[in-house]
2 protein chains.
Amino acid sequence: MITLSGATRDFVVGEQTVHALNNVDLEVEAGEYIAIVGPSGSGKSTLLNAIGLLDRLSKGTYRLENHDVTGLSDDELARIRREKIGFVFQFFHLIPRLKASANIELPLTLAGVDPAERAARVTAVLEDYGLADRGHHRPDQLSGGQRQRVAIARATVTRPKLLLADEPTGNLDRTSGKDVVHILERLNDDGITLLMVTHDPELANRAQRKIRMVDGAIESDKAVVSL
Amino acid sequence: MITLSGATRDFVVGEQTVHALNNVDLEVEAGEYIAIVGPSGSGKSTLLNAIGLLDRLSKGTYRLENHDVTGLSDDELARIRREKIGFVFQFFHLIPRLKASANIELPLTLAGVDPAERAARVTAVLEDYGLADRGHHRPDQLSGGQRQRVAIARATVTRPKLLLADEPTGNLDRTSGKDVVHILERLNDDGITLLMVTHDPELANRAQRKIRMVDGAIESDKAVVSL
Ligand SMILES: Nc1ncnc2c1ncn2[C@@H]1O[C@H](COP(=O)(O)OP(=O)(O)OP(=O)(O)O)[C@@H](O)[C@H]1O
Ligand SMILES: Nc1ncnc2c1ncn2[C@@H]1O[C@H](COP(=O)(O)OP(=O)(O)OP(=O)(O)O)[C@@H](O)[C@H]1O
Ligand SMILES: [Mg+2]
Ligand SMILES: [Mg+2]
């Protein structure tokens, strides 16, 4: 499903160049459940942004579902994202002036889903994520963990083929975090490819495969051995 | 140092009233090290914001260092915050157009510290928090955990009497998180009062006292028994 080959992403700050991704090779089959771990600043978000077509590579190639997406136009990338990718951002990026329910509904509207179906799905995910009484709140009227759950609900409501989650439990207590992960794992059981960046070692060990990044490179890429 | 009495904070959203803080009584002595835990949405950030004078109570009183601060003007609250309180926000609130070093330096400038001393202190904290080569980066040129550490550096660089940290390790790997907590604990050893909201049970168990919140109320308030 995903093939990165020699993937490099450089950032220039003044005189300095940061090699946020440094010659990364990666293959992901459809339906895999992968945890991405590593120190702060090691390139995890940069990797996820590249895979999610939110950012372009400086060097190397990216094939998504066997199409070379490296050189596509912004419009083409936006279309693929809308149709195939759900992204949970490390800092959510909710739309401030829209209530939680409207934020969650937006991808369904962009996908052309009819109003009745949209309303039903939004109600269902609000329930799933423990937000049933918070649908009318705008992001600034929500707690940190509630915003995080709205971001996750928004990314999953279209049941995308590829779900990319950047630190989805970083602002959640143990219980809310477990609830969220169970939902994401159910989606993976249904065939959705799930890539999750996480700082939580317990969470990482629930995946089938763990990729560890250090300084923009993949240091290890192994199956997770369940004890 | 801190006395909250009958502290209540209500939020109105449409027809609904959320009792984010519900009749909370709390006493904190100078120099204490307290963890605040509880489910997402239980009122932890609201409690910290009230203590940090970033938000006013709907009912009840707040005495800080034996002065009633409940009815003070915005200017008076701002002055007390500047002089006595360091706040690490759950979502950092860094100034987007300032580089990391300038973000960290700002409280020192507001406190009237001279330029040479400011430069020395900023350099020292950048080093402490593993950001020595990131001082020139703006927040949007930093990873999530790097931004978090800049927020912590900014809150601690003035060595405030009262340090309030809302989820200070939420975006940090285990190692960076430990480093940060060790620095905050050293400050507490030097007499700084430290209140930390955290979802990490291991972190919470390092404190001397643990306050658990549920639905806007303090459910328990106990000494932490070190095993
Ligand atoms: N726009 C940018 N300009 C310059 N440098 C950047 C930019 N974005 C990221 N970086 C740098 O690239 C490196 C990788 O960043 P990235 O956000 O991918 O890290 P991360 O592994 O997600 O970290 P964290 O766990 O802290 O979120 C970091 O050292 C960061 O400072
Ligand atoms: N401005 C607001 N308007 C309306 N409701 C609010 C507002 N701010 C917070 N709330 C509500 O008050 C409750 C407490 O919020 P708070 O941010 O204190 O929770 P928290 O314990 O910090 O949660 P988390 O662990 O998710 O950060 C939540 O249910 C939230 O929806
Ligand atoms: Mg990141
Ligand atoms: Mg909070």
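Order of the sequence lines fixes the chain letters, A, B, ..., with proteins taken first and strands second; residue numbering starts at 1 for each chain.
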Taking 3.5 Å as the threshold, show me the donor-acceptor pairs across chain A and chain B, one per line with distances to 0.1 Å.
| unit_1 | atom_1 | unit_2 | atom_2 | d |
| --- | --- | --- | --- | --- |
| A:Q16 | OE1 | B:H137 | NE2 | 3.2 |
| A:S40 | N | B:D173 | OD1 | 2.7 |
| A:S40 | OG | B:R149 | NH2 | 2.7 |
| A:Q90 | NE2 | B:N171 | OD1 | 3.1 |
| A:H137 | NE2 | B:Q16 | OE1 | 3.2 |
| A:R149 | NH2 | B:S40 | OG | 2.7 |
| A:N171 | O | B:H199 | NE2 | 3.1 |
| A:N171 | OD1 | B:Q90 | NE2 | 3.1 |
| A:D173 | N | B:H199 | ND1 | 3.3 |
| A:D173 | OD1 | B:S40 | N | 2.7 |
| A:H199 | ND1 | B:D173 | N | 3.3 |
| A:H199 | NE2 | B:N171 | O | 3.1 |

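Within the 4.5 angstrom heavy-atom criterion, no atom of B:V37 approaches chain A. Only the side chain of B:F91 comes within contact range of chain A, judged by heavy atoms closer than 4.5 Å. For B:F92, the part lying under 4.5 angstrom from a heavy atom of chain A is the side chain only.
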